[in-house]
Amino acid sequence: DERGMLRHGIINGAIAGDDNQTIPCACDRIELIDRSPSNRGVLAKYTIDGNSGVMDADSGEGLIQPGYSYVNPYCTLKGMYFIVGDGTHFGAYDAATMEEVASPTDARTLYQVREIIDKRDR
C-alpha cells in the first residue's frame with residue numbers, strides 16, 4: 001500500500017523474534033512483467049510521479065529510467081521488447097540487452113515502432 005511493505009521476522013518458516021518494520025516504497029506502483037529473456041531475472045514496470053520505467057525486480061536496478069507515460073512489453077517469436085513513449089511519440093528497447101532499438105525522440109507512431117521491431121526479428 002502507500003506506506004510500503006511490511007517486513008516481519010519470519011526466516012525459513014520460523015518466527016525470529018519481534019522484527020516487524022515497514023519499509024517505505026520509493027515507487028508509486030510496481031507491476032511484475034515476467035522473466036527476462038536474458039539471465040537478468042524478473043522484470044517489473046515501475047512508476048514514480050506518473051513516469052514509468054523498467055527495473056530488475058530482484059535487484060531493484062533501473063534498466064529503463066522512468067520518464068514515459070507508456071511502457072509495455074511487445075513479444076515476437078524471436079524476442080521481447082519494451083515499447084515506451086509519451087502517448088504520441090514512441091520508441092523501443094530490446095528486453096534482453098536493454099539496447100535502444102528505436103528512439104522515442106524520433107516522433108514515431110506506435111505502429112511504426114512495431115514495424116521496426118517486426119522487421120528486425122524476421
Side-chain angles (χ1 to χ4, degrees):
D1 64 16
E2 67 279 356
R3 293 169 297 172
M5 295 187 306
L6 177 65
R7 178 175 174 234
H8 52 80
I10 296 180
I11 300 171
N12 295 329
I15 297 176
D18 189 15
D19 191 21
N20 292 345
Q21 60 181 313
T22 299
I23 302 169
C25 284
C27 304
D28 301 329
R29 180 177 171 84
I30 298 174
E31 178 183 336
L32 294 179
I33 295 170
D34 203 347
R35 289 218 163 265
S36 168
S38 67
N39 291 330
R40 209 181 291 275
V42 177
L43 299 177
K45 175 181 169 180
Y46 69 111
T47 305
I48 299 174
D49 296 329
N51 294 305
S52 296
V54 176
M55 74 166 68
D56 180 318
D58 295 328
S59 70
E61 175 190 2
L63 304 173
I64 299 174
Q65 297 304 312
Y68 305 103
S69 60
Y70 181 94
V71 175
N72 282 306
Y74 181 73
C75 296
T76 67
L77 291 174
K78 293 185 179 180
M80 182 169 125
Y81 297 84
F82 288 103
I83 297 179
V84 300
D86 63 7
T88 306
H89 304 105
F90 296 89
Y93 290 85
D94 184 320
T97 62
M98 288 302 158
E99 167 188 305
E100 189 175 76
V101 174
S103 175
T105 59
D106 290 342
R108 292 189 173 99
T109 65
L110 183 59
Y111 178 77
Q112 289 170 327
V113 170
R114 287 181 179 158
E115 275 189 330
I116 290 169
I117 293 169
D118 291 342
K119 285 180 184 175
R120 177 185 168 126
D121 277 2
R122 285 188 188 149

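What you see is a predicted model; the values in this text were computed from it and never measured.
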Novice: As an exercise, state the distance from CD of Glu31 to CD1 of Ile33, rounded to the nearest 0.5 Å.
Specialist: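 The CD atom of Glu31 sits 6.5 Å away from the CD1 atom of Ile33.
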Novice: So, do Gln65 and Val54 sit near enough that their side-chain heavy atoms are less than 4.5 Å apart?
Specialist: no
Novice: I want to check something: taking the side chain as every heavy atom from C-beta on, are Tyr70 and Phe90 in contact at a cut-off of under 4.5 Å?
Specialist: yes
Novice: Between CG of Asp56 and CD of Glu61, what distance do you get to the nearest 0.5 Å?
Specialist: 6.0 Å
Novice: Can you confirm whether Tyr93 sits close enough to Val101 that some side-chain heavy atom of one is under 4.5 Å from a side-chain heavy atom of the other?
Specialist: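 Answer no - side chains too far apart.
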Novice: Which heavy atom in Gly87 sits nearest to a heavy atom in Ser69, and how many Å separate them?
Specialist: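 Shortest heavy-atom separation between Gly87 and Ser69 comes out as N-OG, 3.8 Å.
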Novice: Measuring from atom OG of Ser103 to atom CZ of Arg108, what distance do you get when rounded to the nearest 0.5 angstrom?
Specialist: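 Rounded to the nearest 0.5 Å, the OG-CZ separation comes to 7.5 Å.
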Novice: May I ask you to test the Lys45-Pro73 pair for a side-chain heavy-atom distance under 4.5 Å?
Specialist: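 No, side chains not in contact.
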Novice: Do you know which two heavy atoms are closest between Pro104 and Val84, and how far apart they sit?
Specialist: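 Heavy-atom minimum between the residues: CG-CG2, 4.1 Å.
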Novice: Can you see which heavy atom on Ser52 is nearest to which on Thr47, and at what distance?
Specialist: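 Looking at all heavy atoms of both residues, the shortest contact is OG-OG1, 3.0 Å.
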Novice: Report the distance from atom CD1 of Ile83 to atom CD1 of Ile117, rounding to the nearest 0.5 Å.
Specialist: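 CD1 of Ile117 is found 4.0 Å from CD1 of Ile83.
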Novice: What I want to find out is whether Arg120 reaches Glu99 closely enough, with some N-O distance under 4.0 Å, to be called a salt bridge.
Specialist: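 Judged by the 4.0 Å cut-off on N to carboxylate O distance, Arg120 and Glu99 do form a salt bridge.
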Novice: Side chains of Ile64 and Phe82, heavy atoms from C-beta outward: is any pair under 4.5 Å?
Specialist: yes
Novice: Output yes when a side-chain donor or acceptor of Asp86 lies under 3.5 Å from a complementary backbone atom of Thr88, and no otherwise.
Specialist: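 The answer is yes, because a donor-acceptor pair under 3.5 Å joins these two groups.
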Novice: Determine whether Thr76 and Asp118 make a side-chain contact, defined as any pair of heavy atoms from C-beta on separated by less than 4.5 Å.
Specialist: yes
Novice: Side chains of Asp94 and Met80, heavy atoms from C-beta outward: is any pair under 4.5 Å?
Specialist: no
Novice: Checking side-chain polar atoms at under 3.5 Å, does Asp121 have a donor or acceptor matched by the opposite partner on Tyr81?
Specialist: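 Short answer, yes.
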Novice: What's the shortest heavy-atom distance between Gly62 and Tyr46, and which atoms?
Specialist: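 Distance-wise, the nearest heavy atoms are CA-OH, 4.0 Å.
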Novice: Is the closest side-chain heavy-atom distance between Gln112 and Arg114 below 4.5 Å?
Specialist: no
Novice: Shortest non-hydrogen contact from Ala107 to His89?
Specialist: CA-CD2, 3.0 Å
Novice: What heavy-atom pair brings Gly91 and Val113 nearest, and what distance separates the two atoms?
Specialist: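 That closest heavy-atom pairing would be O-CG1, 3.8 Å.
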